[in-house]
Trainee: 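Before I ask anything, here is the structure I am working with.
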Amino acid sequence: MYARNLYSLADRLLSMNTPFADAEAIVLIDATIESLLRTALEQRPRFGRGSGADSELHLGGLFTAVSRAYGTAGTPSISAAPALFANELEILRIHEVRNTIQHQSIPPAKDEVRVQVDAAQRNIRSLVKALFGLDWEHISISNLFDDPIFRSLFTRSEKALREGRVEDAVYSIIACFEAARFLEQHRIWGSLISWAKGSAHEESVLKDPKHQAIVGYVSTLHDEVEVLKLRLDYKEYRAYAQIGFGVISPAWEVLAAFGRTDEEMCAHWKKALSGNFAQFKEKGALTPEVATDLTNWVTFAQRFTSDAILRWQEFWRPGWGEGDKSAAQRWSATS
């Protein structure tokens with residue numbers, strides 16, 4: 001999972017499309033490969049920690065140690081099955097580019113970045129499949145989520161995106177974020193700002209047309225404060241919410257989050273966003289340009305959502321009427 005997180009961060013940097021971010025991404029991709037190899041050695045005690053192999057600093061030596069460890073264990077060695085395992089020369093080339101960045105402060109050219117990213121994607125998939133019997137794409141950051149509902153909705157979005165069902169991916173990730181947001185707001189009580197907003201909407205206040213502007217301002221201000229209370233990057237939240245302009249808001253929406261199955265929550269958002277999506281469809285289907293834009297948005301929204309959920313669960317606090325955790329669990333974040 002550590003390697004998966006490193007690569008996710010590299011992906012995020014690549015999306016910035018700047019020389020500095022590209023250079024950082026290559027360094028993280030190299031670290032991803034090294035992390036995978038060291039993790040593989042840990043699964044072979046004779047060759048892992050304490051054997052001397054894990055102290056090898058050069059990536060080539062580490063690659064050889066993994067080849068020897070897995071070959072000895074009965075698995076085809078790397079040298080004997082390069083197509084199954086990985087391309088050592090490509091991996092070493094990535095490491096050379098990383099060294100040039102880290103030790104000589106020379107950023108790679110854009111064409112070189114693309115070549116190395118493509119090579120890394122091929123080899124990381126091969127390494128994970130050969131060493132751990134897993135599909136790289138199926139290793140999800142949602143495995144770190146404490147809440148099974150959030151995990152289920154997040155992986156549902158990932159699966160839909162892999163299968164090209166971009167609309168379903170959109171509804172699933174929105175359902176995931178909105179459910180998590182609702183529960184987090186339930187747990188950050190204390191300011192009573194929502195009660196204050198309710199007071200501003202009393203019938204006696206609303207009847208007076210002179211109060212309409214100030215009531216509208218109070219409502220808008222309340223929503224803005226809710227975003228900040230959630231400890232979200234404001235610009236990223238707006239980029240997320242823009243897809244459901246006029247529908248998605250930081251206001252509470254109990255029915256969208258509580259007491260529903262995955263199917264019901266996704267269906268809720270599909271219906272709620274139908275008007276927003278209708279303008280981008282021809283004969284009931286998304287135009288190719290919009291499908292591409294939505295794919296990029298989902299990739300962003302998945303990272304945005306996972307960042308938020310992991311941040312929120314780092315320090316847990318019970319909401320009103322919610323069962324308390326043990327003292328050890330409740331205060332573990334502070335120790």
Trainee: Taking side chain to side chain donor-acceptor pair (under 3.5 Å) as the definition, give me every residue that meets it alongside Gln242, ordered by chain and number, with sequence neighbours left out.
Mentor: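 Gln242 satisfies side chain to side chain donor-acceptor pair (under 3.5 Å) with no other residue.
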Trainee: Suppose we screen for side chain to side chain contact (heavy atoms under 4.5 Å, CB included). Which residues come up paired with Ser306, at least two apart in sequence or across chains?
Mentor: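 Ile141, Phe145, Phe154.
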Trainee: Would you say Pro108 and Ile101 make side-chain contact, with heavy atoms under 4.5 Å?
Mentor: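 Answer yes - side chains close enough.
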Trainee: Using only atom types and a distance under 3.5 Å, with no angle test, would you say the side chain of Ser157 pairs donor to acceptor with the backbone of Leu153?
Mentor: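 Here the side-chain-to-backbone pair does not exist.
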Trainee: With rounding to the nearest 0.5 Å, note down the distance linking CD in Gln116 to CG in Asp111.
Mentor: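 These two atoms lie 11.5 Å from each other.
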Trainee: Would a single hydrophobic cluster contain both Ile243 and Tyr234, if residues Ile, Leu, Val, Met, Phe, Trp and Tyr are joined by side-chain heavy-atom contacts under 4.5 Å?
Mentor: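 Linked, Tyr234 and Ile243 end up in one cluster.
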Trainee: Between Asn17 and Lys110, is the side chain to side chain contact (heavy atoms under 4.5 Å, CB included) condition met? List the steps.
Mentor: CA-CA 9 Å; Asn17 199 31; Lys110 193 65 183 178; 2.8 Å; yes
Trainee: So, taking the atom named CG in Asp147 and the one named CG in Leu183, what distance separates them when rounded to the nearest 0.5 Å?
Mentor: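 Rounded to the nearest 0.5 Å, the CG-CG separation comes out at 6.5 Å.
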Trainee: Just wondering, do Lys270 and Met265 contact through their side chains at under 4.5 Å, heavy atoms?
Mentor: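 Answer no - side chains too far apart.
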Trainee: Salt bridge or not for Glu112 and Arg93, using N-O below 4.0 Å?
Mentor: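 Looking at Glu112 and Arg93, the cut-off is met.
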Trainee: Within the 4.5 Å heavy-atom criterion, are Phe277 and Glu167 side-chain neighbours or not?
Mentor: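 Yes, at least one pair of side-chain atoms sits under 4.5 Å.
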Trainee: Tell me every residue that passes side chain to side chain donor-acceptor pair (under 3.5 Å) with Arg165, counting only those two or more places apart in sequence or in another chain.
Mentor: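 Only Glu163, Asp168 meet the side chain to side chain donor-acceptor pair (under 3.5 Å) criterion with Arg165.
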Trainee: Quick check: is Leu28 connected to Val115 through a chain of hydrophobic side chains (ILVMFWY, heavy atoms under 4.5 Å apart)?
Mentor: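 Not linked; separate clusters.
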Trainee: Considering non-hydrogen atoms only, spot the tightest contact between Leu273 and Gly244 and give its length.
Mentor: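 Closest heavy-atom pair between Leu273 and Gly244: CD2-CA, 3.5 Å.
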Trainee: Keeping Ser35 on the side-chain end and Ala31 on the backbone end, is there a donor-acceptor pair under 3.5 Å?
Mentor: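 No, the answer is negative, given that no donor and acceptor are paired below the 3.5 Å cut-off.
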Trainee: Output the distance between atom CG (Leu36) and atom CG (Leu127), rounded to the nearest 0.5 Å.
Mentor: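 One gets 6.0 Å once the value is rounded to the nearest 0.5 Å.
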Trainee: State whether Glu314 and Arg311 are salt-bridged, where the test is any N-O pair (Lys NZ or Arg NE/NH1/NH2 against Asp/Glu carboxylate O) under 4.0 Å.
Mentor: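 Salt bridge flag = no for Arg311 with Glu314.
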Trainee: With sequence neighbours left out, write down each residue that passes salt bridge (charged side-chain N to carboxylate O under 4.0 Å, His left out) with Glu236, or none if nothing qualifies.
Mentor: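 Result, salt bridge (charged side-chain N to carboxylate O under 4.0 Å, His left out) vs Glu236: Arg12, Arg303.
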Trainee: Are any of the side-chain nitrogens in Glu34 or Arg38 under 4.0 Å away from the carboxylate oxygens of its partner?
Mentor: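 Yes, this pair counts.
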Trainee: So how far is it from His95 NE2 to Leu62 CG, rounded to the nearest 0.5 Å?
Mentor: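 Separation between the atoms: 9.5 Å.
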Trainee: Could you grab the distance from atom CZ of Arg231 to atom CG of Asp307, nearest 0.5 Å is fine?
Mentor: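 Spacing of CZ (Arg231) from CG (Asp307) equals 12.0 Å.
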Trainee: Does Phe177 have its ring centroid less than 6.0 Å away from the ring centroid of Trp312?
Mentor: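 Centroid distance Phe177-Trp312: below 6.0 Å, so yes.
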Trainee: Looking only at side-chain N and O atoms, does Gln185 offer a donor or acceptor that is under 3.5 Å from a partner on Arg181?
Mentor: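 A donor-acceptor contact under 3.5 Å links the two side chains.
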Trainee: Answer with yes or no whether the hydrophobic clustering places Phe245 together with Tyr240; edges join I, L, V, M, F, W, Y residues whose side-chain heavy atoms lie under 4.5 Å apart.
Mentor: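 No, because Phe245 and Tyr240 fall into different hydrophobic clusters, even though each may have its own neighbours under 4.5 Å.
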Trainee: If I compare all heavy atoms of Ala40 with all of Leu131, which pair ends up nearest, and what's the gap?
Mentor: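 Shortest heavy-atom separation between Ala40 and Leu131 comes out as CB-CD1, 3.6 Å.
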Trainee: Are any of the side-chain nitrogens in Arg238 or Glu224 under 4.0 Å away from the carboxylate oxygens of its partner?
Mentor: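 Yes, Arg238 and Glu224 are salt-bridged.
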Trainee: Mind listing the closest non-hydrogen atom pair of Ser142 and Arg151 along with its distance?
Mentor: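 Here Ser142 and Arg151 meet closest at O-CG, 2.8 Å.
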Trainee: Within a reach of under 6.0 Å around CD of Glu263, are more than 12 heavy atoms found that belong to other residues, nucleotides or ligands?
Mentor: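 No, CD of Glu263 has 12 or fewer neighbouring heavy atoms, counting only those of other groups under 6.0 Å.
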Trainee: Give a yes or no on whether the backbone of Glu178 and the side-chain of Trp269 come within a donor-acceptor separation of less than 3.5 Å.
Mentor: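 Not a single qualifying donor-acceptor pair exists.
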Trainee: How long is the gap from CD1 on Ile94 to CG on Leu89, to the nearest 0.5 Å?
Mentor: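 Here the rounded value is 11.5 Å.
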Trainee: Once you measure the plane-to-plane angle for Phe304 and Phe300, does it fall in the parallel (<30°), tilted (30-60°) or perpendicular (>60°) bin?
Mentor: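 Taking Phe300 first and then Phe304, their aromatic rings lie parallel (interplane angle under 30°).
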Trainee: My understanding is that only residues two or more places apart in sequence, or in another chain, count here; which of them pass side chain to side chain donor-acceptor pair (under 3.5 Å) with Glu158?
Mentor: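 Partners of Glu158 by the side chain to side chain donor-acceptor pair (under 3.5 Å) criterion, ordered by chain and then number, come out as Ser140.
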Trainee: For Phe63 and Leu92, run side chain to side chain contact (heavy atoms under 4.5 Å, CB included): C-alpha distance rounded to whole Å, both residues' side-chain angles, the deciding distance at 0.1 Å, then the answer.
Mentor: CA-CA 9 Å; Phe63 196 93; Leu92 293 179; 5.8 Å; no
Trainee: Quick one: does Val170's side chain get under 4.5 Å of Leu294's, heavy atoms only?
Mentor: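 Val170 reaches Leu294 side chain to side chain.
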Trainee: Take Ile309 and Asp146, measure what side chain to side chain contact (heavy atoms under 4.5 Å, CB included) needs, and give me the verdict at the end.
Mentor: CA-CA 9 Å; Ile309 291 175; Asp146 292 340; over 6 Å; no
Trainee: Of all residues at least two apart in sequence or in a different chain, which pass the side chain to side chain donor-acceptor pair (under 3.5 Å) check with Gln313?
Mentor: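 With sequence neighbours excluded, Gln313 shows a side chain to side chain donor-acceptor pair (under 3.5 Å) to no residue whatsoever.
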Trainee: Determine whether a donor-acceptor pair (N or O, by modelled atom type, separation under 3.5 Å) exists between the side chain of Glu264 and the backbone of Thr261.
Mentor: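 Confirmed, Glu264 side chain pairs with Thr261 backbone.
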Trainee: Does Ser152 use its side chain to pair, donor to acceptor, with the backbone of Ile149 at less than 3.5 Å?
Mentor: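 It does not hold such a pair.
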Trainee: Taking only Lys NZ, Arg NE, NH1 and NH2, and the carboxylate oxygens of Asp or Glu, determine whether Arg122 and Asp118 approach each other closer than 4.0 Å.
Mentor: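 Not counted as a salt bridge, because no side-chain N and carboxylate O are separated by less than 4.0 Å.
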Trainee: Does a side-chain heavy-atom distance below 4.5 Å link Pro250 with Leu232?
Mentor: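 Side-chain contact under 4.5 Å: no.
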Trainee: Considering all heavy atoms of both residues, which atom of Ala169 and which atom of Leu161 are nearest to each other, and what is their separation?
Mentor: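 In this case the closest contact between Ala169 and Leu161 is CB-N, 3.8 Å.
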Trainee: Using the rule that Ile, Leu, Val, Met, Phe, Trp and Tyr join whenever any side-chain heavy atoms are under 4.5 Å apart, tell me whether Phe132 and Ile124 fall into a single cluster.
Mentor: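 Same hydrophobic cluster.
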Trainee: For Ala272 and Val247, work out which heavy atoms get closest and say how close.
Mentor: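 Heavy atoms only, the tightest pair is O-CG2, 3.7 Å.
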Trainee: Looking at every non-hydrogen atom in both residues, tell me the closest pair between Asn123 and Glu90 and how far apart they are.
Mentor: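 Closest pair (atom of Asn123, atom of Glu90, distance): ND2-OE1, 2.8 Å.
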